Amino acid sequence: MRLSRSLVPTLKETPAEAQIVSHRLMLRAGLVRQTAAGIYAWLPAGLRVLQNVAAIVRAEQDAAGAQELLMPTIQPAELWRESGRYEDYGKEMLRLKDRHERDLVYGPTNEEMITDLFRQSVHSYRALPQILYHIQWKFRDEVRPRFGVMRGREFLMKDAYSFDIDYAGAVVSYRRMMLAYMRTFRRMGLKAIPMRAESGPIGGNMSHEFIILAPTGESAVYYDAAFEEIDYSASGFNIFSDADLEHFFTLMTTHYAATDEKHDAAAWAELTLGRKREGRGIEVGHVFYFGTKYSAAMGFSVAGPDGRPVAPEMGSYGIGVSRLVGALIEAFHDEAGIIWPDAVAPFRTAILNLKPGDAACDRIAEGLYEKLAPSALYDDRDERAGVKFADADLMGHPWQIVVGPRGAAAGRVELKRRASGEREEVGTESALARII
RNA sequence: CGGGGCGUGGCGCAGCUUGGUCAGCGCGCGUGUUUUGGGUACACGAGGCCGCCGGUUCGAAUCCGGCCGCCCCGACCA
C-alpha cells in the first residue's frame, strides 16, 4: 500500500474521548474511527489487523476440528422466545421490527440459532460429537461502552458451540477448545491464563475465562508461575487425544490463577513466594459448558444408542476478536506507539523513502516495495523524515526499511526492528533476506 | 441506570462567570521560500449554522428551558 494514496489518517494529538492507551493509539494510528458510542469503522490498516487476528482464530479452530459456518446477525425473536431468553436478556439485546411488524433481534450471541440449525438436521447420536463456530458481528447494547474497541456495543466475535451425546463427551469438547484457545493466544504473542469463572446453574469447574496479561489491563490478576512454563503449541499435546486433553486440562486447572474479584487470599498465601506472579489482565475469551440448557428448552433430542431420545450436551466458546485488537495494543506498545507482534501486524514492513524524487532513493524504495508489496506499507509521501519516522513508530510495523539519500547512493538502507529499536545499515538484498 | 463532565474549523483548546469588533490560538491543510535522517522555519491563504430547538434581550458562543450526542466514575458485561 502506498501511504500517499491511503486512508490511514494518523494523528499527532489524541482525540479527547480516548482515555486508555489502546484506544488512543488506535485512533492516532488511523486504525479505526468511532461512528457512535461503542461502534467503530475499521479503516484499511485496522481491518488488516482484525483480519489477521481472525485468521489465527480460524486456523486454530479448524485445527481443533471445529467447522466454520456463518450465521446471520439478525435473528427472529421466535427462537429467543423458545429458550426463554427473549424476556430474560434485558435491554442489552437490541430489538427491532421488520415491515411486517415481526420481532427481530440483532444477535448478541447464537446459542438458540445454532441449536435450531443443528436440530433441523441431526437426529442421531451417531452424528455426534460436533463443534461449529462462526466469526460474526454481534451487538450488545451496553449501558456504558468504553475503552474503544475493547468494550464496544458492536463487536466481532468468534463463537463456537459443541454438541455431545453425554457429559463425558462434553468434557472432551470443552478441553479441546481450551487447548485451541491457549494456542490461539500464544500465536499472537500473548500470554493467556485460563481462570475459573462463574459456571452458572450447572456448577462444576466447567467455565473459564481467558485473561491475557497486559500492564494496562482492566483487572489485577494473581497466578502461579507455572503458567509461564507450559508450552501449548509444542507437539506435547495432541488435540485429538482424550488422554492428552485430560493432562492438559489438569495442568491448566490445578495451579492458582484468579482475577481480583475472585482472588482467594488464603489459597494465594499457600503459594511459595517464588511462584507468585501478579499482573494485570484483560478478558479475551470465555468457555463454558451448559449441559442441556438449550437442547432441553428447545426440544432438541437425538436418538441414543438404545433408540430413546437424548438431549445433547452443549457448550459454547467465545473469543472477542475485535477486543483482541485492543488487547494486543495494551500488551504491546511504548511511548512512541504500537509494537505489533509479527503475526498480526497490518504490514510486516514499512518502507520509508526519506526523499521521494531523489533518483537513488526512488529506485531502491520502489524496488523493495515491488518485492514486499502485499505485506509492505510504502511511505512515499512528500513529508519530512521526522514525520515518517514518527508515523512508522506509531503504526508499529515490525520492520522499517529506511531509504535515505545518505545510503541510497551506495545501495545501502537502514533496517530497523520496531520491538527492540535496533538498527543496522545493510544492502538491499540482505534487508530483504532478513525480512522475508 | 445512578453520579460527574463536555459539545466552538480536520485534531487539541481559549473565550462563557462580568451578554455588545470574540469568532480566536496551537497543530493539521493549501501555496511559496527554506530545511533535508527524528513531527524545520518564515510568509501568505482556505476553512466554523459556536451540537439542535425554543426563549429572554435592542443585541446571545456567552443568560434560561428542552432535546440530542459524547466522555469519565460506579453497577453490568466477550
Side-chain angles (χ1 to χ4, degrees), chain A residues 7 9-20 23-24 27-28 30 33-40 53 57 89-93 107-110 135-160 181 185 192 197-198 207-212 218-219 259 261 281-288 316-327 335-337 352-358 361 379 381-394 400-408 412-414 416 421 423 425:
Chain A
L7 185 64
T10 56
L11 300 172
K12 212 162 160 180
E13 290 175 288
T14 306
E17 73 263 22
Q19 299 297 319
I20 64 161
H23 191 193
R24 299 162 68 109
L27 292 172
R28 288 227 296 133
R33 283 292 110 105
Q34 177 168 308
T35 9
I39 302 178
Y40 293 83
V53 169
V57 171
Y89 216 97
K91 291 191 173 170
E92 273 200 352
M93 185 153 74
T109 177
N110 287 67
I135 298 175
Q136 177 64 292
W137 292 93
K138 306 282 191 292
F139 194 92
R140 290 183 194 166
D141 201 357
E142 297 282 345
V143 234
R144 194 190 154 206
R146 63 185 121 169
F147 305 146
V149 116
M150 296 228 293
R151 178 81 181 279
R153 290 193 292 172
E154 188 181 52
F155 55 97
L156 188 62
M157 182 176 174
K158 185 286 300 181
D159 40 324
Y181 274 34
F185 299 131
E198 296 305 331
S207 176
H208 289 84
E209 46 187 38
F210 291 75
I211 305 287
I212 62 135
E218 48 194 342
S219 48
T259 57
E261 304 103 46
I282 301 166
E283 182 183 353
V284 291
H286 203 147
V287 294
F288 44 95
S316 71
Y317 316 88
I319 290 181
V321 176
S322 48
R323 165 178 279 199
L324 263 169
V325 176
E335 322 71 46
L352 313 192
N353 184 343
L354 296 192
K355 194 169 184 182
D358 176 272
C361 287
D379 192 345
R381 296 175 301 172
D382 184 20
E383 286 288 354
R384 303 256 327 160
V387 173
K388 299 188 183 192
F389 289 135
D391 275 349
D393 286 347
L394 173 63
Q400 294 174 19
I401 303 180
V402 180
V403 183
R406 242 194 237 159
R412 313 283 288 175
V413 297
E414 184 180 278
K416 174 178 169 180
R423 320 163 186 213
E425 199 180 298

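Sequence lines set the chain letters: A, B, ... in the order given, protein chains first and strands last, and positions in each chain run from 1. This structure is a prediction, so every number in the text was calculated from the model and none was measured.
- Checked by atom type and distance alone, the side chain of A:Lys158 pairs as donor or acceptor with a backbone atom of A:Tyr317 at under 3.5 Å.
- Taking atom C1' on both nucleotides, B:G51 is separated from B:G5 by 16 Å, rounded to a whole Å.
- Atom CG in A:Asp382 sits roughly 15 Å away from atom P in B:G28 (whole-Å rounding).
- Distance from the side chain of A:Gln34 is smallest to B:C71 among B:C73, B:C71, B:C76.
- The distance between atom CZ of A:Arg144 and atom P of B:G3, rounded to the nearest whole Å, is 15 Å.
- A:Ala16 comes within 4.0 angstrom of the backbone, heavy atoms only, and of no base.
- For B:G9 and B:C29, the C1' atoms lie 11 Å apart once the distance is rounded to whole Å.
- A:Arg151 contributes a side-chain N or O that forms a donor-acceptor pair with the base of B:C76 under 3.5 Å.
- A:Lys91 comes within 4.0 angstrom of the backbone, heavy atoms only, and of no base.
- Here, B:C67 and B:C73 have their C1' atoms 25 Å apart, quoted to the whole Å.
- Across all strands shown, the partner of B:U33 is B:A41, judged by Watson-Crick or G-U wobble contacts whose two distances both fall under 3.5 Å.
- When the C1' atom is compared between B:G47 and B:G26, the two are found 16 Å apart, to the nearest whole Å.
- A gap of 7 Å separates the C1' atoms of B:C11 and B:G28, to the nearest Å.
- Taking only distance into account, the side chain of A:Glu13 meets the base of B:G26 through a donor-acceptor pair shorter than 3.5 Å.
- Remark: C1' of B:C77 and NZ of A:Lys138 are 15 Å apart, rounded to the nearest angstrom.
- Evaluation of the side chain to side chain contact (heavy atoms under 4.5 Å, CB included) rule for A:Arg381 yields A:Leu3, A:Ser4, A:Asp379, A:Glu383, A:Val387, A:Lys388, A:Asp391 as partners, not counting sequence neighbours.
- A residue-by-residue look at A:Gly318 and A:Ala37 shows that A:Ala37 has its nearest nucleotide of RNA chain B further toward the 5' end.
- Distance A:Leu394 CG to B:G28 P: 15 Å, rounded to the nearest Å.
- Between the side chains of A:Ser207 and A:His286, at least one donor-acceptor pair of N or O atoms lies under 3.5 Å.
- B:C64 and B:U57 have their C1' atoms separated by 12 Å, given to the nearest Å.
- Remark: B:G69 base-pairs with B:C6. Criterion, Watson-Crick or G-U wobble with two distances under 3.5 Å.
- Each of A:Pro15 and A:Glu154 was assigned the nucleotide of RNA chain B with the nearest heavy atom; the assignment lying further toward the 5' end belongs to A:Pro15.
- One atom, CZ of A:Phe147, and another, C1' of B:C70, lie 16 Å apart when rounded to the nearest Å.
- A 4.5 Å side-chain heavy-atom check between A:Phe139 and A:Arg153 finds at least one atom pair inside the cut-off.
- Across every strand in view, B:C1 sits in a pair with B:G74 that passes the Watson-Crick or G-U test at under 3.5 angstrom.
- Considering only heavy atoms from C-beta on, A:His23 stays 4.5 Å or farther from A:Thr14 through its side chain.
- Side-chain proximity of A:His286 to the nucleotides B:C77, B:C73, B:A78 is greatest for B:A78.
- Annotation: B:U31 and B:G12 have their C1' atoms spaced 25 Å apart (nearest Å).
- Between A:Lys12 and B:G39 there is no side-chain N or O to OP1 or OP2 distance below 4.0 Å.
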For this session: Treat primed atoms plus P, OP1 and OP2 as sugar-phosphate and everything else as base, then score nucleotides 32-38 of chain B 5' to 3': B for base contact with protein heavy atoms under 4.0 Å, S for sugar-phosphate contact only, - for none.
Result: ---B-BB
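- OP1 and OP2 of B:C73 both lie 4.0 Å or more from every side-chain N or O belonging to A:Gln19.
- Checking side-chain atoms of A:Arg33 against main-chain N and O of A:Tyr40 turns up no donor-acceptor pair under 3.5 Å.
- Considering only the side chain of A:Glu142, B:A78 comes nearest among B:C29, B:C1, B:A78.
- One can place CZ of A:Arg381 at 9 Å from P of B:C29, the figure rounded to the nearest angstrom.
- In this structure, A:Asp141 places its CG atom 13 Å from C1' of B:C76, rounding to the nearest Å.
- Shortest non-hydrogen contact noted between A:Pro108 and A:Arg140 is O-NH2, 2.8 Å.
- At B:C72, none of the side-chain N or O atoms of A:Arg146 fall inside 4.0 Å of OP1 or OP2 (strictly under the cut-off).
- Taking 4.5 Å as the limit, every side-chain heavy atom of A:Ile319 sits out of range of all side-chain heavy atoms of A:Phe210.
- At a threshold of 4.0 angstrom between heavy atoms, the contacts of A:Thr109 with the nucleic acid are absent.
- Within the nucleic acid shown, A:Gly152 comes within 4.0 Å of at least one base atom, counting heavy atoms only.
- As rounded to whole Å, 16 Å separates atom C1' of B:A78 from atom CD1 of A:Ile39.
- At a threshold of 4.0 angstrom between heavy atoms, the contacts of A:Glu283 are confined to the sugar-phosphate backbone, with no base atom among them.
- Using the Watson-Crick or G-U wobble rule with both distances under 3.5 Å, B:G20 pairs with B:C58.
- B:U21 and B:G59: their P atoms are spaced 15 Å apart (whole Å).
- If you check the side chains of A:Gln136 and A:Asp159, you find no donor sitting under 3.5 Å from an acceptor.
- Here A:Glu283 contributes atom CD and A:Arg323 contributes atom CZ; the two are 6.0 Å apart, rounded to the nearest 0.5 Å.
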